[in-house]
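First the structure, in the form of structure tokens, and then the observations on it.
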Amino acid sequence: MGMPGTPGNGWQVMASFRRDGSVTQQKLKPGTVRRIAGYARPYVRELVLFLALNTVAAVIVVANPLLLKSIIDRGIIPGDDDVVVWLALAVGGLALLEAVLGLAQRWYSARIGEGLIYDLRTQVFGHVQRQPVAFFMRAQTGSLVSRLNNDVIGAQRALTTTLSSVVSNVISLILVLVTMLILSWQVTLIALLLLPVFVLPAKWVGRRLSRISREQMVLDAEMSSLMTERFNVAGAMLAKLYGRPVEEEENFSQRAARVRDIGIVAAMYGRVFFTALTLVAALATAMVYGVGGVLVVDGGFELGTLVALATLLTRMYGPLTALSNVHVDVMTALVSFDRVFEVLDLKPLIRDREDARALEASRGPATTGKAAAPAAPAIEFDHVRFAYPSAEEVSLASLESIARTDTAPAREVLHDVHFTATPGQLVALVGPSGAGKSTITHLVSRLYDVSDGAVRIGGADVRDVTLDSLRAEIGVVSQDAHLFHDTIRENMRYARPEATDEEILAALGSAQIGGLVTAMPEGLDTVVGDRGYRLSGGEKQRLAIARLLLKAPSVVVLDEATAHLDSESEAAVQRALKTALAGRTSLVIAHRLSTIREADQILVIDDGRVAERGRHEELLLRGGLYAELYRTQFARQRDGEGLDAPSGDGEASGTQTSAVSR
């Protein structure tokens, strides 16, 4: 353990002074300290031992100078060899004890600190995972990561660094001051008069360092954000396609230069701080030897006392300086805890009711490559109205990157939507962009809760069943299928962790991508890259469909799931889906006539309402919105590609842009 007060131990003092003093003006929520004590409770034994070790180490701070005094006054000056040897051995023993104490302190500090970090991180991560989709649409990812990293580590300091520093400094200061006053109250009083010479400039430098540190963090964040945007696949591709490498380098160079410049300023202020600490320690030592030396010569006290006072002096300024700023240290740690609690106190808008029950699902015999075939339930929308939740309901202002401006009441986006998909039925949703098709599919898997009415699956209101059991019965493939930066095997097992390689390969084969995967050098161990960018759009979609087939849910939601497939791939996937969806209740945002024509029921969504419903032929004969969409979208695509429609219904067989996209 370092000697408190020496320049070599000044980093901790400087870190304290460079913290933002305005933190002391923040108001903590009632009960914050009590909640912190709850997190400390599992580590009470370790904390007691840790503080006891700090106390013993603080005693050694005083014991060493007193031993040096005895060596000089009782050994060297009288010429007693035995005293010199034995006391020198005692000094060596204390040094060894101090080293052992330092290792033990570090172990307990790490045990408590890392344990607390683990507890907080896992709790915050699990809590954030339970937040609704609307939360992630508003919260800034960087702010969430900061809560898991910076604020959690800051909270950890409350029980390790800050607590141990306060205890150690208080005990050390009391022992040092009492010892110095006993040895020479005159020298002690003069030494204390020099303290403001350091503390006042140190506080001024600390305020400057605090402002510089805030600016440095902002500049670092801006530079990191630029690198993150340019280093992902989409950003790098955009920069290359628009051919602006020189401008990109200049932009980054300017930001990096600002980081460099602020770093130089911070380094110089840090050096000023250390220089001041060293200078005051040197002046104080010179004063002690000057005043004390005169007293020794005049017989005021012994030479050993002078050496002890000079040594104790170096151990006095550090604790005094640190304790002068302790309120900032304590509040900084407490505010970090408060910011973590702010996230933990945000209750998930979508959560299980206290009396929620599992959604009953009967399973039939297992099929090749898939789980046991489910018995399909009905999907019922009972006069559903829906408005997206407000920011206050789903998010925290401190997690959003910009100030909230949407204070107006939420606008209703679904109006009296009423339909039933009977067991095993395929229902196609079509309509103009922004009509509400995706919102309807989100309500099925309870990503949101209805404002009025009810959504039922198998006769059970989705709000009355547990989320785990509900989502176990629903499989979703979205337009932009997300893949993790992992192997194909692990991405597939996200649907069924217990799936064997044979089952995975069977599902891949059913999705018409099995041959491609087996032809890859690493097969199922192939890493798909960040968000699956190593695969083409069609390959990503087919892999997502294979993942759905592996899960084998009883309800399937296809949100424009074949938008990225070419004609040949789509035909193959359509065959696979036709087999996979047989006997399952399916809700499809349809963009191809091949899907729409096979639908048992077509719902035409317009401005949040079911404008028309029926089958393909009868809706065309009505001459309404569906017929208009058919003429303006499907016919135009068919004409643009020069394809002939099959007789009777004009089905397009080529690749097309979504006819009625979101």
Side-chain angles (χ1 to χ4, degrees), residues 1-4 9 11-13 15-16 19 28-64 93-127 147-176 178 315 318-319 322-323 325-345:
M1 185 174 124
M3 297 178 181
N9 202 42
W11 286 105
Q12 186 175 345
V13 178
S16 172
R19 288 179 183 138
L28 296 176
K29 293 180 181 178
T32 298
V33 175
R34 185 171 61 253
R35 290 182 70 176
I36 294 173
Y39 283 94
R41 194 168 294 117
Y43 305 99
V44 168
R45 178 176 171 274
E46 288 88 348
L47 271 171
V48 170
L49 291 173
F50 179 54
L51 295 178
L53 291 172
N54 274 276
T55 303
V56 176
V59 172
I60 294 177
V61 167
V62 176
N64 266 319
L94 281 180
L96 181 61
L97 177 60
E98 189 175 25
V100 173
L101 286 175
L103 291 174
Q105 282 178 285
R106 188 68 191 96
W107 189 90
Y108 278 111
S109 174
R111 173 72 183 87
I112 298 167
E114 296 302 322
L116 184 65
I117 289 174
Y118 171 81
D119 294 342
L120 286 173
R121 276 183 178 162
T122 53
Q123 188 174 0
V124 172
F125 182 86
H127 187 75
R147 297 295 170 100
L148 277 170
N149 289 331
N150 301 339
D151 288 324
V152 166
I153 292 174
Q156 168 257 337
R157 291 194 186 104
L159 294 185
T160 54
T161 306
T162 302
L163 182 60
S164 66
S165 175
V166 170
V167 171
S168 178
N169 286 331
V170 167
I171 295 174
S172 295
L173 184 60
I174 292 174
L175 292 176
V176 167
V178 169
R315 290 155 168 79
L323 289 173
N325 209 48
V326 69
H327 62 296
V328 176
D329 297 338
V330 172
M331 280 302 298
T332 299
L334 293 180
V335 166
S336 292
F337 258 113
D338 200 47
R339 282 167 58 83
V340 173
F341 292 154
E342 184 183 27
V343 176
L344 294 175
D345 290 341

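Please read these numbers as outputs of a predicted model, since none were measured by experiment.
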Can you tell me if Ser109 uses its side chain to pair, donor with acceptor, with the backbone of Gln105 under 3.5 Å?
no

Can you see which heavy atom on Ser168 is nearest to which on Asn54, and at what distance?
CB-OD1, 3.8 Å

For Gln123, enumerate each residue passing the side chain to side chain donor-acceptor pair (under 3.5 Å) test, keeping only those at least two apart in sequence or located in another chain.
Tyr39

Of the non-hydrogen atoms in Leu51 and Ser164, which two are nearest, and what is the gap between them?
CD2-CA, 4.4 Å

Please answer whether the main-chain N or O of Val61 pairs with a side-chain N or O of Arg315 as donor and acceptor at a distance below 3.5 Å.
yes

Drop me the distance from Glu342's CD to Phe337's CZ, to the nearest 0.5 angstrom.
15.0 Å

Those residues that, when tested against Thr122, pass side chain to side chain contact (heavy atoms under 4.5 Å, CB included) (two or more places apart):
Tyr118

Sub-4.5 Å side-chain heavy-atom contact between Leu53 and Arg106:
no

Got a sec, which pairs hit side chain to side chain donor-acceptor pair (under 3.5 Å) with one end in residues 40-50, sequence neighbours left out?
Tyr43-Asp119

Counterpart residues, salt bridge (charged side-chain N to carboxylate O under 4.0 Å, His left out), relative to Arg35 (two or more places apart):
Asp345

With sequence neighbours left out, write down each residue that passes side chain to side chain contact (heavy atoms under 4.5 Å, CB included) with Leu47, or none if nothing qualifies.
Ala40, Ile112, Leu163

Atom pair CG/CG of Leu344 and Leu120 - distance to nearest 0.5 Å
7.5 Å

OG1 on Thr55 to CD1 on Ile171, rounded to 0.5 Å
3.5 Å

Within this structure, what is the CD1-CG distance for the pair Ile60 and Leu175, rounded to the nearest 0.5 Å?
11.5 Å

Partners meeting side chain to side chain contact (heavy atoms under 4.5 Å, CB included) with Ile174 (sequence neighbours left out):
Val170, Val178

